[in-house]
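Structure first, then comments.
One-based numbering, in listed order, for ligands and for the atoms of each. Computation of the quantities below employed the complete heavy-atom set of this structure, encompassing side-chain atoms and omitting hydrogens, waters and symmetry-equivalent molecules. These figures come from a predicted structure and were not determined experimentally.
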Amino acid sequence: MMTGDEYKASLGDGRAVYFRGERIADIAAHPVFASVIQRVADGYDKLKAAGPESAYFDPPRNQAALRRLARAEIDPVAGLTHTSLMTLMTAAERIAHRRPQAKDAVAAYVREARAKDWRIAECISDSKGDRSKHPGEQQDPDQYVRVVERRDGGVVIRGAKLHISAAAFCHELMTIPTKAMRNGEEDYAIACCVPVNATGVHIINTMAGPRAGDLRDSPFSTRRQMPQGFVVFDDVFVPRERIFLEGETDCAASFAHSLGLWTRASNLADACDEADLVVGFAQLVAEANGLEKIPHIRDKIGDLVVSATLTRACFEAAIANSRMGENGMMVPDELFTNAGKYQSTAAHASMMQILQDICGGSLITAPSIADLESEAVGQFVRKYMGTKQQVDGAYRLRLLQAIRDLSASEFGGQRAVSKLHGGGGLYAQRVVTRGRYDLERAKRLALEAAGLEAPPV
Ligand SMILES: Cc1cc2nc3c(=O)[nH]c(=O)nc-3n(C[C@H](O)[C@H](O)[C@H](O)COP(=O)(O)OP(=O)(O)OC[C@H]3O[C@@H](n4cnc5c(N)ncnc54)[C@H](O)[C@@H]3O)c2cc1C
């Protein structure tokens with residue numbers, strides 16, 4: 001297994017990565033990405049300390065292992081890697097009837113990835129062009145990643161995958177079709193893994209900056225920021241042993257569904273603690289402001305508690321109803337995973353609104369920690385940001401800065417959008433929930449209650 005320092009060194013592999021118009025010669029030395037890379041490096045060191053071959057990337061074999069799906073547990077990039085490996089293994093099983101060789105190809109890839117201790121990004125979202133049109137109907141055929149040439153030893157792919165979390169900080173790009181493909185769209189039914197430094201891969205990074213880089217003012221954006229990659233495959237050769245689907249259009253959606261399941265389960269695991277964090281902030285700031293006994297504030301915090309509890313209930317139900325796959329892998333329940341991800345995302349905006357309401361305007365107008373430390377004005381900040389004897393200005397300022405950073409900063413805005421679209425968007429979660437829900441049983445119950453036998457045909 002690599003150490004954190006070895007991971008940093010491994011990024012110097014000639015990858016073509018860009019930021020704000022410039023190609024980055026040495027990403028590990030770039031000041032904007034230093035904290036992200038350090039977080040991933042710390043994750044490597046944590047796993048190395050856990051033993052010679054960490055069990056973190058093992059497929060979950062029981063419910064206790066499923067419980068550890070939260071991506072923040074080691075570091076988010078290790079989490080993406082875990083999801084990628086589980087996706088490939090789940091999809092290989094689901095398509096075994098059509099492409100039996102995928103199982104061995106995936107198993108060999110997983111072994112290699114673990115032996116070389118790679119980090120893997122999830123590349124599913126194509127640029128998609130005109131959303132009303134299928135891949136084969138697009139004016140520009142490259143709007144979905146496709147095979148443009150077949151050679152003896154493999155294929156050449158072209159296209160782009162957008163919004164790819166941490167792409168430039170991984171070693172590999174798991175590249176899978178975004179959705180079901182039709183007859184005639186065989187070139188788009190391609191699933192494979194591509195090294196980040198492969199010839200023809202270009203990654204353009206985007207990242208929102210924290211306020212003045214002061215950790216104390218911006219505890220979330222400095223620690224939790226994750227750059228997104230705009231990943232271009234400009235005629236990239238993929239050797240045959242790294243291909244898991246090639247042309248089986250009827251199996252293309254299996255990869256998207258498998259990724260959806262594992263990503264949403266991780267998102268839901270994270271959402272449980274995030275919802276509790278919001279409740280905690282709301283209660284602390286209400287107490288600091290002397291408002292914790294006011295009825296409407298108590299009611300609002302009660303609403304937050306209900307939302308947080310529903311999110312956790314869905315996660316618990318997804319675990320309790322998990323099932324063992326044929327490959328010995330424990331898989332979370334899709335109904336509760338998707339309903340929980342939908343519920344937690346839909347509730348996020350209103351939870352943040354309640355938190356911001358309780359904070360008051362100081363949420364975005366409070367001075368910085370540097371002002372608090374200023375010889376000239378620090379005493380005023382401490383005095384007027386304080387509310388009562390037990391709550392001094394420094395405490396309340398730190399609390400408000402943390403909540404601002406989480407909910408009302410550029411990072412907070414990005415998080416709101418990332419919750420909405422991450423994991424495939426609300427629409428996709430609703431579709432899967434509806435598909436897994438027992439609608440027939442619900443109809444039978446309703447018929448029985450109305451004293452009817454069957455609906456008219
Ligand atoms: C912070 C962040 C991180 C992400 N990380 C990753 C990642 O690591 N890997 C990855 O692959 N993706 C990632 N994504 C992408 C994410 O999965 C997509 O943003 C999401 O699936 C929506 O796709 P889109 O952005 O292309 O929007 P669009 O597809 O344009 O969707 C916009 C709206 O239009 C609707 N819509 C679009 N097409 C249709 C249609 N044909 N019929 C009906 N309604 C339609 C959608 O439901 C949605 O309401 C990330 C996104 C964000 C914001």
Under 4.0 Å from [atom], can you find at least one protein heavy atom?
| atom | answer |
| --- | --- |
| atom 1 (C) of ligand 1 | yes |
| atom 37 (C) of ligand 1 | yes |
| atom 42 (N) of ligand 1 | no |
| atom 46 (C) of ligand 1 | no |
| atom 23 (O) of ligand 1 | yes |
| atom 7 (C) of ligand 1 | yes |
| atom 33 (C) of ligand 1 | no |

Ligand 1 N/O within reach of [X] N/O, cut-off under 3.5 Å:
| X | answer |
| --- | --- |
| I124 | yes |
| S165 | yes |
| S125 | yes |

Does a salt bridge link [X] with [Y], judged by any charged N lying under 4.0 Å from a carboxylate O?
| X | Y | answer |
| --- | --- | --- |
| E248 | R99 | yes |
| E172 | K116 | no |
| E274 | R415 | yes |
| D126 | K161 | yes |
| K46 | D42 | no |
| R114 | D58 | yes |

Looking only at protein heavy atoms, identify the closest one to [atom] and say how far it is in Å.
| atom | answer |
| --- | --- |
| atom 21 (O) of ligand 1 | G424 CA, 3.6 Å |
| atom 53 (C) of ligand 1 | S418 CA, 3.8 Å |
| atom 9 (N) of ligand 1 | E122 O, 2.7 Å |

Item checked: Donor-acceptor contact present, side-chain R242 to main-chain C193, <3.5 Å -> yes

Next item on the list: Show which atoms of ligand 1 fall inside a sub-4.0 Å distance from at least one heavy-atom site of K128.
Entry: 23 (O), 24 (P), 26 (O), 29 (O)

Margin query: At less than 4.0 angstrom from any non-hydrogen atom of I164, what atoms of ligand 1 do you find?
Written below: 7 (C), 8 (O), 9 (N), 10 (C), 11 (O)

Next item on the list: To the nearest 0.5 Å, tell me how far H171 NE2 sits from D117 CG.
Entry: 8.0 Å

Check: Quick one: CZ on R119 to OG on S84, what's the gap to the nearest 0.5 Å?
Finding: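 R119 atom CZ to S84 atom OG measures 11.0 Å (nearest 0.5 Å).
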
Next item on the list: Using heavy-atom distances, let me know which of H134, Q228, M226, H421 sits nearest atom 16 (C) of ligand 1.
Entry: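 The nearest heavy atom belongs to H421.
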
Item checked: From K179, H163, R131 - option closest to atom 14 (N) of ligand 1 by heavy atom -> H163

Next item on the list: Side-chain contact test, heavy atoms from C-beta onward, threshold under 4.5 Å: evaluate it for Y44 versus D75 and give yes or no.
Entry: no

